[in-house]
2 protein chains.
Amino acid sequence: MADINVSLSPRPTKGDPGVPARSGGMGGGIGGGMGEGDPLVDVIELFFFAYRNFVSDPDEILQGIGFGRAHHRVLHFVNRHPGMRVTDLLDILRITKQSLGRVLRELVDQGFIDSRAGASDRRQRLLHLTPKGEALAQQFVTLQSHRIRRALEECGPDSRETARRFLVAMIDPEDRGPVEKLIARADQQAEAKTPPGASGKAAPPAGGSSGATGNRPAPPVRPAG
Amino acid sequence: MADINVSLSPRPTKGDPGVPARSGGMGGGIGGGMGEGDPLVDVIELFFFAYRNFVSDPDEILQGIGFGRAHHRVLHFVNRHPGMRVTDLLDILRITKQSLGRVLRELVDQGFIDSRAGASDRRQRLLHLTPKGEALAQQFVTLQSHRIRRALEECGPDSRETARRFLVAMIDPEDRGPVEKLIARADQQAEAKTPPGASGKAAPPAGGSSGATGNRPAPPVRPAG
DNA sequence: GAAAAAAGTCAACATGGCTGACATAAATGT
DNA sequence: ACATTTATGTCAGCCATGTTGACTTTTTTC
């Protein structure tokens, strides 16, 4: 039933020669920018398809418990940064307080997240996963890690660093430092918590990549507004 | 104001030591799956942040004309596959006829897309971009290509193929063949249309990558339902 | 004691998914 | 010829998740 043949080739329902050869408009049309070098449209599309599949893994589980992607993101980052403040989550997700509030309330109400007042600053609500929440978050990480691991294995031994650097380089320059710091902080914390010498962890050479790995006074991964 | 410091380090509003060191729950917690090898959480997060920035480029333009991401996707694929059928678009996007119908109608009404009945099968509506639509689609491709080109340049000469293969490998195995075919078909078509020998186009070695580059009778990039 | 910060909430709205139910035109099969 | 299937479109309504704007409460900071 109607596969992806986009009429273009093996799908002429009758004797249709595929596609009407487009009236020869002005030049450039489709490429990467006509005279700017390679057309990178293939990468654009691969990124689209890859990301779609990437997020679809958790989606199946989420559907079963009446949650959506928004819940997944919250669970993920709280898992990564136990004790984080609501504001921090807002900065990472770049959504509004109200949007976050909705899913956060559900996660707290249903016992996936524990929200306690800060000890030193009691205005803050510090977020932690409950064991239930941790189990779920772990499921997601496992699923997505599987996909990534498989992909990297198919790409050979050096691919991990190249992929990592590529993804970093795809991030807005002004966000790279903060993002890399964020990840590094979470990793550190995880290490500290883990029984010393648990699994591998190929030290991410965050320094060498693009130069923007920065040590600025922590500019924001800019909040939405 | 409230940067991404996630309380964890340079943000203790008062004398807060960052984070409450989490009560030492059971092992694995955060890593990639506890005893499965590297934790690939960093890649998970980088993919998230990278993709968010990647789609944000077009977003700015879209906002100015009252369109959304859905419009972008439609424009993009119609640009890539001039004369494609509505069904083909549905297969690619994996959304419902009704969802597509909404944005497609707007695009047609506002003169970005031209929808004409097929010659051989007059039930079909074959979709083409108008010059106006082409210009817009071209803007998007240019924007996103810029980002990708910059990223690849930062990653060195071989990165393009590695990145490409990584993205392909991130796609569900059963979708890879169809996706690569789809891209190949679009590229072919574009070449045929372009004044012979226009810009570079580093021949995508679709064959060598993962083995699944297949030549099956074109299985679908599965429709949503 | 005033001002600012952290969090929460209500109300209303936009976007873009979804299902279900139909309608029409055209192609296909018997 | 007629029944069925296919391709498309459309109405109506629902859901998830984003947005603004306005306000409150608690607590910290100046």
Side-chain angles (χ1 to χ4, degrees), chain A residues 1-3 5-7 11-16 52 55-56 59 62-63 65-74 84-91 93-109 113 115-127 223-225, chain B residues 1-3 5-7 11-16 52 55-56 59 62-63 65-74 84-91 93-109 113 115-127 223-225:
Chain A
M1 65 282 281
D3 50 38
N5 289 313
V6 196
S7 111
R11 193 64 195 210
T13 306
K14 197 185 189 178
D16 205 337
R52 180 168 72 182
V55 293
S56 76
D59 277 356
L62 290 160
Q63 209 178 359
I65 52 180
F67 283 166
R69 285 175 195 177
H71 302 85
H72 173 203
R73 289 192 284 265
V74 170
M84 79 192 303
R85 299 171 305 164
V86 170
T87 304
D88 300 322
L89 201 41
L90 289 174
D91 288 345
L93 298 177
R94 291 190 192 171
I95 58 177
T96 57
K97 196 173 34 161
Q98 296 88 329
S99 292
L100 176 58
R102 220 160 15 195
V103 303
L104 193 49
R105 192 188 319 135
E106 292 174 338
L107 287 165
V108 170
D109 287 351
I113 287 185
S115 164
R116 357 185 229 266
S120 65
D121 185 339
R122 302 200 10 235
R123 290 171 303 180
Q124 301 175 349
R125 290 292 176 275
L126 305 187
L127 307 173
Chain B
M1 62 284 282
D3 51 37
N5 289 314
V6 197
S7 113
R11 192 63 195 215
T13 306
K14 198 187 189 177
D16 204 336
R52 179 168 71 183
V55 294
S56 76
D59 278 356
L62 289 160
Q63 209 178 358
I65 51 180
F67 283 165
R69 287 176 194 177
H71 301 85
H72 174 203
R73 289 192 283 266
V74 170
M84 79 193 302
R85 297 171 305 165
V86 171
T87 304
D88 300 322
L89 200 41
L90 290 175
D91 287 345
L93 298 177
R94 291 188 192 173
I95 58 176
T96 57
K97 197 174 36 163
Q98 296 90 327
S99 292
L100 176 57
R102 224 161 13 197
V103 303
L104 192 50
R105 192 189 319 139
E106 293 175 337
L107 287 165
V108 169
D109 287 351
I113 287 185
S115 164
R116 359 186 226 268
S120 66
D121 185 336
R122 301 198 14 235
R123 289 171 304 179
Q124 300 175 349
R125 289 293 174 276
L126 304 187
L127 307 174

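Order of the sequence lines sets the chain letters (A, B, ...), proteins ahead of strands, with each chain counted from 1.
- Dashed line: the shortest gap from a side-chain N or O of A/Ser99 to OP1 or OP2 of D/dT19 is under 4.0 Å.
- For the pair A/Arg123 CZ and D/dT27 P, the computed distance is 10 Å after rounding to whole Å.
- Heavy atoms of A/Gly68 sit under 4.0 angstrom from primed sugar atoms or phosphate atoms, though from no base atom.
- Distances from the side chain of A/Arg73 to the nucleotides C/dG17, D/dG18, D/dT28 place D/dG18 closest.
- Rounding to the nearest 0.5 angstrom, the gap separating the CG atom in A/Leu100 from the CG atom in A/Leu89 is 5.0 Å.
- The base of C/dG8 does not come close enough to the side chain of A/Arg102 for any donor and acceptor atom to sit less than 3.5 Å apart.
- Two residues, A/Arg69 and B/Arg105, neighbour DNA chain D, and the one matched to the more 5' nucleotide by heavy-atom proximity is B/Arg105.
- Rounded to whole Å, atom C1' of C/dG16 lies 12 Å from atom CG of B/Leu93.
- In this view, B/His71 and B/Glu106 satisfy the side-chain hydrogen bond (donor to acceptor under 3.5 Å, both in side chains) rule, not counting sequence neighbours.
- Here the side chain of B/Thr96 is nearest to one of C/dA26, C/dA5, C/dC18, namely C/dC18.
- Going from atom CG of B/Asp59 over to atom C1' of C/dT15 covers 12 Å, rounded to whole Å.
- Look at CD on A/Gln124: it is 15 Å from C1' on C/dG8, rounded to the nearest Å.
- Rounded to whole Å, atom P of C/dG8 lies 11 Å from atom CG of A/Leu89.
- In this structure, the separation between CZ on A/Arg123 and OG1 on A/Thr87 is 9.5 Å, given to the nearest 0.5 Å.
- Taking both residues in full, the closest heavy atoms of B/Ala117 and B/Arg122 are given as CB-O, 4.0 Å, listed atom of the first, atom of the second, then distance.
- Counting heavy atoms from C-beta on, the side chains of A/Leu104 and A/Leu127 come closer than 4.5 Å.
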Between the protein and nucleotides 21-25 of chain D, which nitrogen or oxygen pairs are less than 3.5 angstrom apart?
unit_1: D/dG21; atom_1: O6; unit_2: A/Gln98; atom_2: NE2; d: 2.6

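- What separates CG of A/Leu107 from P of D/dT17 is a distance of 10 Å, to the nearest Å.
- The nucleotide whose nearest atom lies closest to any side-chain atom of B/Leu104 is, among C/dG17, D/dG9, D/dT6, D/dG9.
- Here the closest heavy-atom approach between residue A/Leu126 and residue A/Gly118 is recorded as CD1-CA, 3.7 Å.
- A side-chain donor-acceptor contact under 3.5 Å links B/Asp88 to the backbone of B/Arg85.
- Within 3.5 Å, no donor on the side chain of B/Arg122 pairs with an acceptor on the base of C/dA26, nor the reverse.
- One can place CD of A/Glu106 at 8 Å from P of D/dA16, the figure rounded to the nearest angstrom.
- When each of B/Arg125 and A/Phe67 is assigned the nucleotide of DNA chain D bearing its nearest heavy atom, the one mapping closer to the 5' terminus is B/Arg125.
- Annotation: side chain to side chain contact (heavy atoms under 4.5 Å, CB included) contacts of B/Arg69 (sequence neighbours excluded): B/Val55, B/Asp59, B/Arg73.
- Closest to the B/Ile95 side chain, of the nucleotides C/dA26, D/dT26, C/dC18, is C/dC18.
- Atom pair B/His71:NE2 and C/dA14:P shows a separation of 14 Å (rounding to whole Å applied).
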